[in-house]
Amino acid sequence: MRDLKYILRYAKPYRKSITAAVLLVFAECIFEMSIPLLMTDIVDIGVANRDVAFLLRQGGLMILCAFLALATGLAYARFAASAANGLGAEIRAAEYKQTQKYDFANLDRFSAPSLITRMTTDVTVLQNTVNTALRPMVRGPVMLVLGVGLAFILNGKLALVFIVSAPILGAVLAFIVHKVGPLYNRQQTSIDNLNRAVQEDLTAIRTVKAFAREDLKTREFDVVNKELNDISLKTFKNAVLNLPAFQIIMYTVIVCIMWYGGNFILIGNMSVGELTAFLSYVLQVLNSVMMISNVFLMMTRSLASAKRVRELLEETPSLEDPDSPAGEVKDGSIDFENVSFKYDSAAEKFALSDINLHIPSGATVGIIGGTGSAKSTFAQLIPRLYDATVGTVKVGGRNVKDYDLATLRDAVGLVPQKSLLFSGTIKENLLWGNPAATDREIEAACEAACVDEFIDRMPKGLDTYLGQGGVNVSGGQKQRLCIARALLKRPKILILDDSVSAVDTATEAKIREATAKLKDMTKIIIAQRISAVKDADIIAVMEHGKIRAAGKHEELLKKDSVYQEIYYSQMKGAVNNGEAV
């Protein structure tokens with residue numbers, strides 16, 4: 001219940017709507033419970049005495065009570081819908097805002113499908129719980145108390161049937177809730193798995209078709225779909241036991257009341273009108289108990305969703321801003337001092353080990369090494385996407401932890417391996433680098449990144465609309481657009497993480513030449529090709545998370561075996577010291 005209480009804090013802006021809804025339900029109950037009392041007088045007084053005027057008056061009062069009950073019920077629906085939808089909007093906004101604070105380490109703990117489920121399905125469950133459960137949550141206890149109280153007033157002996165049936169009803173409810181609770185948790189996890197399959201398959205649909213593996217992906221989807229179907233059926237089979245179990249008890253109670261009530265009428269201890277009213281209260285009480293049981297079932301599912309939502313909202317960002325952050329990044333110098341890093345504190349091995357490297361401001365540095373040598377991990381420590389586990393990373397002569405995250409990252413332009421564009425026009429995507437950029441600045445960035453070579457062929461130039469992820473441009477075009485976006489930032493440090501792998505060597509050379517002219521900007525080029533880094537001021541060769549050698553192209557070609565191996569494997573057909581390689 002603590003999870004649910006935590007979530008309901010977001011309902012504070014809608015307290016007036018919730019209060020109004022509760023009062024309206026209470027009023028509805030009073031009007032409905034007045035009807036059996038009026039009916040008692042109709043039977044015992046109006047019908048017995050053949051008093052037409054009394055019958056009409058009491059009948060009119062019954063109609064008025066029914067109308068007022070309907071009116072309050074409709075008014076309740078309006079306020080409950082307002083509170084439920086408002087709560088859902090507040091929770092979704094809080095979740096989205098919280099995920100924007102997450103760092104890479106946080107995102108490693110939550111998969112994208114799980115985040116989507118927690119922001120959609122889980123919030124919808126909580127929203128529906130408020131919308132559909134608020135009425136029975138209030139109405140059930142009120143009707144139960146009023147019904148039992150009025151039943152005892154009418155006939156205390158006959159009302160003892162509630163004392164017998166209540167423990168049985170409670171035991172049935174406890175059994176069902178105990179069975180269903182864990183199943184709801186498994187159901188939400190199955191929804192996560194289904195979302196993951198759908199997202200992955202739709203994102204990679206072109207690759208699936210290219211390899212003609214539609215049948216394989218269909219079978220894999222059928223597995224997760226069947227898993228969700230099976231757990232949902234199992235949950236439903238247990239949850240629906242609630243209705244028949246309560247109906248059996250309810251009808252048994254009614255039969256007992258009719259039997260004993262009939263005997264009371266025969267011996268003169270009860271009138272026909274009183275028995276009629278008593279039966280009405282019995283039905284109200286039993287229906288209210290059924291409503292309470294349904295509320296418990298809804299609460300059981302909402303508790304599972306509330307726990308998942310609370311986990312997301314209480315996840316603490318792994319990186320924190322200092323209390324008194326540095327105002328600005330002085331220059332683009334970078335220092336790694338005895339740096340080691342691992343993604344998980346429980347991991348046995350470090351992804352990076354004993355990194356020591358000084359990069360002067362304005363220098364061009366090439367990072368090369370085999371796949372899995374932690375080149376990208378090295379780059380991610382500079383804008384503090386992760387914190388070093390051991391040692392210190394400095395930018396502009398200061399520890400990266402001394403900067404406000406926004407200030408530090410604004411000084412670093414990172415073009416990651418996977419080029420990502422957003423839905424919108426090309427110009428809107430470029431302006432992510434600098435929202436205040438002028439047309440001339442955009443033109444200059446496009447020229448430096450060789451975007452101008454293809455932008456004129458686009459249907460509307462810079463105003464061409466890009467689909468999700470930039471699906472209507474090629475891989476090389478996406479990379480060039482991402483480079484132009486980073487250049488628009490005018491960062492002090494530019495990191496190109498294997499970001500020209502999809503462009504031809506001639507275009508790569510043009511981009512390298514254009515960025516080399518940016519003398520006040522530190523350039524870090526992570527690449528697989530020697531041609532991309534051979535002109536760098538410093539080339540660092542990485543292997544197994546360590547820098548095994550650093551120097552200029554000629555130095556490394558003479559002394560480092562790994563660099564030599566990479567060079568000669570890529571330069572087949574070239575000439576080395578006058579001899580064919």
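All residue numbers refer to positions in the sequence shown, counting from 1.
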Does CD belonging to E447 count more than 12 external heavy atoms closer than 6.0 Å? no
Do the non-hydrogen side-chain atoms of P491 and M521 ever get within less than 4.5 Å of each other? yes
In terms of side-chain geometry, is the basic nitrogen of E453 or R480 positioned less than 4.0 Å from the acidic oxygen of its partner? yes
Are K427 and D439 within salt-bridge range, i.e. N to O under 4.0 Å? yes
In this structure, are over 12 heavy atoms from other groups packed under 6.0 Å from E320 atom CD? no
Between N399 and K401, is there a donor-acceptor pair closer than 3.5 Å when you use the side chain of the first and the backbone of the second? yes
Are side-chain N/O atoms of Q479 and S501 paired as donor and acceptor at under 3.5 Å? yes
Tell me if the CD atom of E555 is crowded by more than 12 foreign heavy atoms within 6.0 Å. yes
Distance col, row L352:CG vs T389:OG1, nearest 0.5 angstrom, shows 9.0 Å
Has the side chain of Q100 got a donor or acceptor atom that lies under 3.5 Å from a matching backbone atom of K97? no
Please check if the number of heavy atoms outside F422 that lie under 6.0 Å from its CZ is greater than 12. yes
Does the side chain of D497 pick up a donor-acceptor pair with the side chain of S499 at under 3.5 Å? no
Atom NZ of K330 with >12 non-hydrogen neighbours under 6.0 angstrom: no
Taking NZ, NE, NH1 and NH2 as the nitrogens, is one of them in R548 or D560 under 4.0 Å from a carboxylate oxygen of the other? yes
Carefully, step by step, assess H553 and D535 under the rule side-chain contact (heavy atoms from CB on, under 4.5 Å). CA-CA 7 Å; H553 171 69; D535 295 325; over 6 Å; no
Grab the two heavy atoms, one from A536 and one from G366, that are nearest each other, plus how far apart they are. CB-N, 3.6 Å
Does F336 have its ring centroid less than 6.0 Å away from the ring centroid of H358? no
Which pair of heavy atoms, one from G88 and one from V123, lies closest together, and at what distance? O-CG1, 3.6 Å
Taking all atoms of both residues into account, what is the closest heavy-atom pair of L481 and L430, and its distance? O-CD2, 3.6 Å
Would you confirm whether K489, through its side chain, and V412, through its main-chain N or O, come within 3.5 Å as a donor-acceptor pair? yes
When you measure from the side chain of Y403 to the backbone N and O of V395, does any donor-acceptor pair fall under 3.5 Å? yes
Got more than 12 heavy atoms from elsewhere within 6.0 Å of NZ, K307? no
Do the side chains of D230 and K226 get close enough for a salt bridge, i.e. N-O under 4.0 angstrom? yes
If every non-hydrogen atom of A540 is compared with every non-hydrogen atom of I547, which pair is closest and at what distance? CB-CG2, 4.2 Å
Looking at G332 and T522, what are the two nearest heavy atoms and their distance? O-OG1, 2.8 Å
Return yes if a side-chain donor-acceptor contact under 3.5 Å exists between N85 and Q127, otherwise no. yes
Check this for me: does any side-chain nitrogen of one of R490 and E441 sit under 4.0 Å from a carboxylate oxygen of the other? no
Could you give me the CA-CA distance, side-chain angles and deciding distance for F341 and D387, then say whether side-chain contact (heavy atoms from CB on, under 4.5 Å) is met? CA-CA 8 Å; F341 169 78; D387 267 341; over 6 Å; no
Check whether any side-chain heavy atom of L556 lies under 4.5 Å from a side-chain heavy atom of Y567, and answer yes or no. no
Is the shortest side-chain heavy-atom distance between T124 and S305 below 4.5 Å? no
If you count every heavy atom of other residues, nucleotides or ligands that lies below 6.0 Å from K342 atom NZ, does the total exceed 12? yes
Between K558 and E554, is there a salt bridge with N-O shorter than 4.0 Å? no
Tell me whether K523 contacts the main-chain N or O of I495 through its side chain, where contact means a donor paired with an acceptor under 3.5 Å. no
Students often mix this up, so state it plainly: with edges at 30° and 60°, are the rings of Y343 and Y386 parallel, tilted or perpendicular? perpendicular
T425 side chain to T464 backbone, donor-acceptor under 3.5 Å: no
Would a distance-only check, ignoring hydrogens and angles, find a side-chain to backbone donor-acceptor pair under 3.5 Å from Q564 to L557? yes
If you define the side chain from C-beta out and look only at heavy atoms, does anything of T392 sit under 4.5 Å from K394? yes
Determine whether L466 and N429 make a side-chain contact, defined as any pair of heavy atoms from C-beta on separated by less than 4.5 Å. yes
Under the 3.5 angstrom rule, does the side chain of R118 hit a backbone N or O of E311 as a donor-acceptor pair? no
Could you please spell out the steps behind the side-chain contact (heavy atoms from CB on, under 4.5 Å) verdict for L319 and R384? CA-CA 8 Å; L319 306 180; R384 204 184 168 202; 4.2 Å; yes
Are side-chain N/O atoms of D354 and N338 paired as donor and acceptor at under 3.5 Å? no
Would R9 count as a cation-pi partner of Y6, with NZ or CZ less than 6.0 Å from the six-membered ring centre and within 45° of the ring normal? yes
For P317 against N106, the heavy-atom pair lying closest together: CA-OD1, 3.4 Å
Donor-acceptor pair, D537 side chain versus T364 backbone, under 3.5 Å? yes
So, are E443 and R440 salt-bridged, with charged N and O less than 4.0 Å apart? yes
Intermediate values then yes/no, side-chain contact (heavy atoms from CB on, under 4.5 Å), L313 and V309: CA-CA 6 Å; L313 292 172; V309 170; 3.8 Å; yes
Consider only side-chain N and O atoms of D504 and T507, and report whether a donor and an acceptor are under 3.5 Å apart. yes
